[in-house]
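Model, not experiment: these values are computed from the prediction. Note on naming: letters A, B, ... go to the chains in the order of the sequence lines (proteins, then strands), and numbering restarts at 1 for each one.
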Amino acid sequence: MPIEVGDDAPATSGFADLTVGVLALQGAFALHQQRLQALGVEAPLVRTPNDLENLDAIVLPGGESTTMSNLLATSGLFDVLGQRLADGLPVFGTCAGMILCAAEVRDGRSDQRGFDLMDISVTRNGYGRQLESFEADVEVTGLAKPFHALFIRAPFVTRVGDGVEILAELDGSAVLLRQQGCTVAAFHPELTNDTRLHRIFIDSFSAR
Amino acid sequence: MSSTGTFPVKRGLAEMMKGGVIMDVVTAEQAKIAEDAGAVAVMALERVPADIRRDGGVARMSDPEMIEGIKAAVTIPVMAKVRIGHFVEAQILQALQVDFIDESEVLTPADEAHHIDKFAFDVPFVCGATNLGEALRRISEGAAMIRSKGEAGTGNVVEAVRHMRSITGDIKRITQADSAELFEWAKNLQAPLPLVQEIAETGKLQVPLFCAGGLATPADAALAMQLGAESVFVGSGIFKSEDPAPRAKAIVEATTHFEDANILAKVSRGLGTPMTGIGMDEINQRYADRGW
């Protein structure tokens with residue numbers, strides 16, 4: 001179903017029976033939680049394997065991917081969450097979360113582990129250091145108006161596999177993609193009040 | 001059209017560091033240990049605050065060569081310090097493409113009346129504060145992140161606790177104030193009225209609030225987080241301890257799981273001796289008094 005929502009669309013309560021966890025080991029998890037709650041979704045923070053119970057989906061936020069990778073291991077979440085994701089738990093990964101979902105990561109650390117959910121290659125900090133971080137309007141498939149996107153030391157998509165759908169591009173590079181239950185963004189939809197991309201994600205797995 | 005160096009882009013990087021630990025490092029080797037332990041960023045400097053305190057004299061921006069060495073050694077963001085008011089040191093750090101600049105009271109101030117105009121830079125700044133008025137003045141100058149000053153180089157968390165409680169306590173009181181009282185708050189805090197009004201509305205600072213200055217143990221980090229910090233800086237506390245690598249890792253875990261006493265108990269075990277630390281009555285120079 002196409003989504004035609006403007007910035008001024010009222011918050012909906014149509015998702016009240018959904019629970020979307022937010023991985024809260026490090027990074028911008030609190031802002032993702034706020035965006036989900038604005039849509040009427042239950043959004044518990046996930047820090048240990050017990051927190052994974054009863055989730056309909058999960059958000060992997062932006063932050064430092066090396067830090068999250070470490071904490072996924074020490075918290076015992078890596079294997080349990082990895083299994084849930086492999087079993088089809090819908091996931092929205094933004095920035096560092098995109099890196100965790102990618103099949104191949106370049107310029108990462110050799111010990112950095114991910115969930116291998118999407119057939120793409122990404123280069124960590126591929127857009128450069130903080131001085132190259134930027135904001136820009138991005139045209140998104142299914143959205144009437146552009147989405148204002150913040151790219152912070154963002155990962156750069158260098159290869160997109162056959163089964164991957166590109167939902168948005170910027171200067172010829174994919175920045176928003178989907179493969180089955182996995183949606184990823186190189187930028188940070190949680191840093192603006194605009195909840196349209198969270199809605200696209202929720203619509204991708206929930207039949208309203 | 002894309003734009004770089006905007007305030008949302010600067011604050012965005014601060015948002016990404018939430019729930020993390022920023023560690024002081026003086027060599028590329030220490031930077032690697034910090035990254036391995038899960039630091040969200042490293043602060044590159046020539047001497048940790050404990051050594052600056054011991055050596056005395058004038059403390060300045062670090063040598064660009066050592067900052068570049070640390071930048072080359074890690075993939076996480078690299079921060080570096082400039083003296084309060086020393087905008088040319090900041091111009092140099094921006095030219096070196098550091099990811100964040102700390103206008104820091106730990107270095108010897110260069111200007112006794114003025115902080116740097118941080119809006120004039122594309123690189124984001126963090127500044128220290130002992131109370132809400134100071135925090136809001138720094139935000140009005142363009143800071144994208146505020147940290148408590150604490151008392152750097154002491155391994156003593158008492159001043160950081162004082163500053164965190166002062167900042168979050170006044171934020172709570174402002175949310176209870178009526179609109180007429182906000183003028184009085186702005187006057188007493190010596191802070192811009194719109195920033196005070198925004199706090200009354202949101203109950204939060206406009207930028208992330210981190211805790212720094214004297215943290216030395218996993219419990220210290222969790223204490224800062226429970227007091228309302230959104231991340232922690234650990235300076236001398238890691239590399240002045242007996243066994244830095246496991247302590248760094250434990251502080252990272254404690255910052256994430258700051259509300260889970262069982263995990264805190266587990267990660268606090270067997271870390272060796274922390275930095276010795278000093279009491280507030282034993283020091284003759286309070287860095288927290290620097291800044292205006």
Contacting moiety of [X], where chain A heavy atoms sit under 4.5 Å:
X	value
B:V21	neither
B:A37	backbone
B:E230	neither

#### Entry: Qualifying residues under ring pair (Phe, Tyr, Trp, His ring centres under 6.0 Å), relative to A:F201, sequence neighbours excluded
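Partners of A:F201 under the ring pair (Phe, Tyr, Trp, His ring centres under 6.0 Å) test: A:F92, A:F205.
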### Task
For the residue pair A:D87 and A:Q83, confirm or rule out a side-chain donor-acceptor distance under 3.5 Å.
yes
### Distance-only polar pair, side chains of B:T217 and B:D220, donor-acceptor under 3.5 Å
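Distance-only check passes for B:T217 and B:D220.
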Among [options], which residue forms the greatest number of heavy-atom pairs with chain A at distances under 4.5 Å?
options	answer
B:D122, B:T75, B:V98, B:I263	B:T75
B:M17, B:E253, B:R11	B:E253
B:P77, B:S231, B:P8, B:A41	B:P77
B:G12, B:S3, B:G19, B:G20	B:S3
B:I76, B:V74, B:V267	B:I76

### Task
Please confirm whether the backbone N or O of A:V157 pairs with a side-chain atom of A:S173, one donor and one acceptor, at under 3.5 Å?
no
#### Entry: Side-chain donor/acceptor of A:R196 to backbone N/O of A:K145, under 3.5 Å
yes
### Note: B:D99-A:R153 ion pair, threshold 4.0 Å (strictly below)
yes
### Query
Any ion pair linking B:R147 and B:D102 (charged N to carboxylate O, less than 4.0 Å)?
yes
### Side chain proximity check, A:S204 to A:R178, heavy atoms < 4.5 angstrom
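Yes; the side chains approach each other to less than 4.5 Å.
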### Query
Is the NZ or CZ atom of A:R113 positioned over A:F78's six-membered ring, under 6.0 angstrom from the centre and within 45° of the axis?
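Yes, A:R113 sits over the ring of A:F78.
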### Message
Using a 4.5 Å heavy-atom cutoff, which residues in residues 117-131 of chain A come close to chain B?
### Response
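Under the 4.5 Å heavy-atom cut-off, A:R124, A:N125, A:R129, A:Q130, A:L131 qualify.
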### Message
Is A:A24 close to chain B through its backbone or its side chain, or both, or neither, when contacts mean heavy atoms under 4.5 Å?
### Response
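For A:A24, the backbone is the part near chain B, not the side chain.
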### Task
Check whether A:T66 gets within reach of chain B through its side chain, its backbone, both or neither, counting any heavy atom under 4.5 Å.
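A:T66 touches chain B through side-chain heavy atoms alone.
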All N/O donor-acceptor pairs, side-chain side in residues 25-36 of chain A, below 3.5 Å, sequence neighbours left out:
{"residue": "A:Q26", "atom": "OE1", "partner": "A:E64", "partner atom": "N", "Å": "2.9"}
{"residue": "A:Q26", "atom": "NE2", "partner": "B:M16", "partner atom": "O", "Å": "2.7"}
{"residue": "A:Q26", "atom": "NE2", "partner": "B:K18", "partner atom": "O", "Å": "2.9"}
{"residue": "A:H32", "atom": "ND1", "partner": "A:H198", "partner atom": "NE2", "Å": "2.9"}
{"residue": "A:H32", "atom": "NE2", "partner": "A:T94", "partner atom": "OG1", "Å": "3.1"}
{"residue": "A:H32", "atom": "NE2", "partner": "A:E190", "partner atom": "OE1", "Å": "3.3"}
{"residue": "A:Q33", "atom": "NE2", "partner": "A:A43", "partner atom": "O", "Å": "2.9"}
{"residue": "A:R35", "atom": "NE", "partner": "A:E190", "partner atom": "O", "Å": "3.1"}
{"residue": "A:R35", "atom": "NE", "partner": "A:T192", "partner atom": "O", "Å": "2.7"}
{"residue": "A:R35", "atom": "NH2", "partner": "A:E190", "partner atom": "O", "Å": "3.2"}
{"residue": "A:R35", "atom": "NH2", "partner": "A:T192", "partner atom": "O", "Å": "3.4"}

### Message
With ring pair (Phe, Tyr, Trp, His ring centres under 6.0 Å) as the rule and sequence neighbours excluded, what pairs involving residues 39-69 of chain A come up?
### Response
none
